[in-house]
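All values below come from the heavy atoms of this structure, side chains included, with hydrogens, waters and symmetry mates left out. Note on naming: letters A, B, ... go to the chains in the order of the sequence lines (proteins, then strands), and numbering restarts at 1 for each one.
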Protein chains: 2
Amino acid sequence: MESMSDDRLSLLRRGPRFAELGDDELAGAHELATERSFACRETLFREGEEAEEFLVVLAGRVKLTQLGSDGQEVIARFLGPGDMCAAVAIFPGGTYPATAEAVEETRALGWRREPIDALLRRYPAFAVRAMRVLSERVRELQDRVRELSTERVAQRIARALVRLARQVGRPVEEGVLLDLPLTREDLANMTGTTLYTVSRVLTEWETAGIVRTRRRRVVIRRPHGLVSIAEDLPDPAPPGQREGSTT
Amino acid sequence: MESMSDDRLSLLRRGPRFAELGDDELAGAHELATERSFACRETLFREGEEAEEFLVVLAGRVKLTQLGSDGQEVIARFLGPGDMCAAVAIFPGGTYPATAEAVEETRALGWRREPIDALLRRYPAFAVRAMRVLSERVRELQDRVRELSTERVAQRIARALVRLARQVGRPVEEGVLLDLPLTREDLANMTGTTLYTVSRVLTEWETAGIVRTRRRRVVIRRPHGLVSIAEDLPDPAPPGQREGSTT
DNA sequence: CGTGTGTTTGAGGCACGTCAAGTGTCGTGG
DNA sequence: CCACGACACTTGACGTGCCTCAAACACACG
């Protein structure tokens, strides 16, 4: 019991989200939570259901999706250890705005409405921290809206990859591995395009040496190349490649 | 001085944002604020500047915009009385995520970081209320992302109009007037398209009797028609129109 | 009464979606 | 351990929704 507590506490602390909370806040918080486990492909909750629990991921990865009017799925974002979701559960009558599905074996901490409400009112720092996280999310979403409104598909895919690299990138010798199972369709659903277009763009980048892909895996070999595409800059000469056909 | 206080207090209370706060919270809050006035077309703050004040609009309308990479503007949303913005000002080092420009004569209340921080920690209800507003904004933005990802231009324009009707719609005899100056370009910047396409769509709807437009003004004559387009439903027969060519 | 800002309309092109086939790869059960 | 089936991915051909550019019009304001 004790060791499990410590385990969860340190996991919570390791995540970026709760680093600023004091020990007592954290202990108070985690005491009121219940831990849940989910198998790969299991859904944590569904869009539209009444929101019961506010969740913080301890381990694993979760895909948050919404359903488009004609049935296609739109990926809101991926969650990893330390990420929170379902903030609406704090308010009575709220419904989950998205569906959450584990894409790996996943563990999470859940708080029901009353405890989390008590927590927020008892530890203002907790609420302020949550506000900060929400503000960041608002900013991210506004960025995404801007991108979808003004940028071409290739730029958006590049941005999605860069974002994923920051979030779940793991350095490997070849470059940066995106450490989650990621299909072309996932990428399409993140950027508002189709899996066909994503496929074409990725093979193009593959021949340019920018990425290396295998089934459900992406390795970014030249991050800067992606950034250039995202920012619509002239292509920086990749190391060891000959150029000379611009005219 | 007293009457001015009362004036602002009641204005604050009238807005949907602060209705849940108690009297002392509200009084405490408004005491720490400073009032500002802005002429039409004056900018309250610019994207990227260091965020100095958290703002609540008392009267008038404000356009929140972001700049796309190649200079075109994307409209995040419009603010009316009771709406808040620049929540980032609460956190040290934050920068405004958008540019705010008054599109009418506007008055607003502003709080600097220290007072608002004190307020949040002193009145947890204030923070919880702010969280709720932020959660709603997150939901709205996710909806917009979904729309931009999956829907055609006409649907998105219809949705934008429906949304505006809810927010700033004023019943007039002809239908519902959108009570703010709104150009085709504004609508384009709200929906990720061009003013040309918006113009074409609107003239089509005008001949169908769904809207009536004048320069910078839009009146929605058949709200249900717009909703049908937004939801991609079969066109409901408008009152007094003949049909019979479906096969 | 002009000048600017908002708006309409047309012609043309392209980026991307759509549909159709096909290849490779993983996991599973015999 | 192999064979099958499902899933992930590729590639081509084709269509089209919307952007782009150019021109002219109309209303509002000084």
> Please check if the number of heavy atoms outside A:Arg46 that lie under 6.0 Å from its CZ is greater than 12.
no

> Is B:Thr193 near enough to D:dC19 that one of its side-chain N or O atoms lies under 4.0 angstrom from OP1 or OP2?
yes

> Closest nucleotide of DNA chain C for B:Arg152 versus for B:Glu206: which of these residues is on the 5' side?
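Per heavy-atom nearest nucleotide, the more 5' residue is B:Glu206.
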
> Starting at atom CZ of B:Arg156, determine the distance to atom C1' of D:dG17, rounded to an integer number of angstrom.
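Roughly 11 Å, once rounded to whole Å.
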
> Is A:Arg200 touching bases, backbone alone, or none of the nucleic acid, heavy atoms closer than 4.0 Å?
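Base contact.
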
> Report the C-alpha distance between B:Thr213 and B:Arg184 in whole Å, list the side-chain angles of each, state the deciding distance to 0.1 Å, and finish with yes or no for side-chain hydrogen bond (donor to acceptor under 3.5 Å, both in side chains).
CA-CA 10 Å; B:Thr213 69; B:Arg184 310 283 180 251; 3.1 Å; yes

> Note the angle between the end axes of the helix from C:dC1-D:dG30 to C:dG30-D:dC1, five pairs defining each, rounded to 10 degrees.
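Rounded value for the end-axis angle: 40°.
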
> Less than 4.5 Å apart, any side-chain heavy atom of A:Leu58 and any of A:Glu35?
yes

> With distance as the sole test, does B:Thr106 use its side chain to make a donor-acceptor pair with the main-chain N or O of B:Ala102 at under 3.5 Å?
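Not at all, since once roles are kept as given, no pair shorter than 3.5 Å links the two residues.
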
> Whole-Å distance between D:dA8 P and A:Leu182 CG?
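The answer, rounded to whole Å, is 12 Å.
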
> Evaluate the side-chain proximity of A:Phe45 to A:Leu55: yes if any heavy-atom separation is below 4.5 Å, no if none is.
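Counting from C-beta outward, A:Leu55 and A:Phe45 do come under 4.5 Å.
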
> Could you tell me how far apart A:Arg41 (CZ) and D:dA6 (C1') are, to the nearest whole angstrom?
11 Å

> What is the distance from OH of A:Tyr196 to C1' of D:dG15, rounded to the nearest Å?
15 Å

> Donor-acceptor check, side chain of B:Arg200 to backbone of B:Leu195, threshold 3.5 angstrom: yes or no?
no

> Would you say the side-chain atoms of A:Glu42 pair up with the backbone N or O of A:Ala39, donor to acceptor, closer than 3.5 Å?
yes

> Taking 5' to 3' order, which nucleotide of DNA chain C is first and which is last to have an atom within less than 4.0 Å of a heavy atom in chain B?
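So the contact region on DNA chain C extends C:dG4 to C:dA11.
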
> Expressed as a whole number of angstroms, how long is the span from B:Ile157:CD1 to D:dG17:P?
15 Å

> Does B:Ala76 offer a backbone N or O that forms a donor-acceptor pair with the side chain of A:Gln142 under 3.5 Å?
no

> State, with a plain yes or no, whether a side-chain heavy atom of A:Arg107 is found less than 4.5 Å away from one of A:Ser37.
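They are in contact (side-chain heavy atoms under 4.5 Å apart), so the answer is yes.
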
> Taking CZ from A:Arg212 and C1' from D:dC9, how many angstroms apart are they, rounded to a whole number?
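One finds 13 Å between C1' of D:dC9 and CZ of A:Arg212, rounded.
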
> How would you label the contact of B:Arg215 with the nucleic acid (heavy atoms, under 4.0 Å): base, sugar-phosphate, or nothing?
base

> Considering only D:dC19, D:dA28, D:dT10, which nucleotide approaches the side chain of A:Leu195 most closely?
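Closest nucleotide among those given: D:dT10.
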
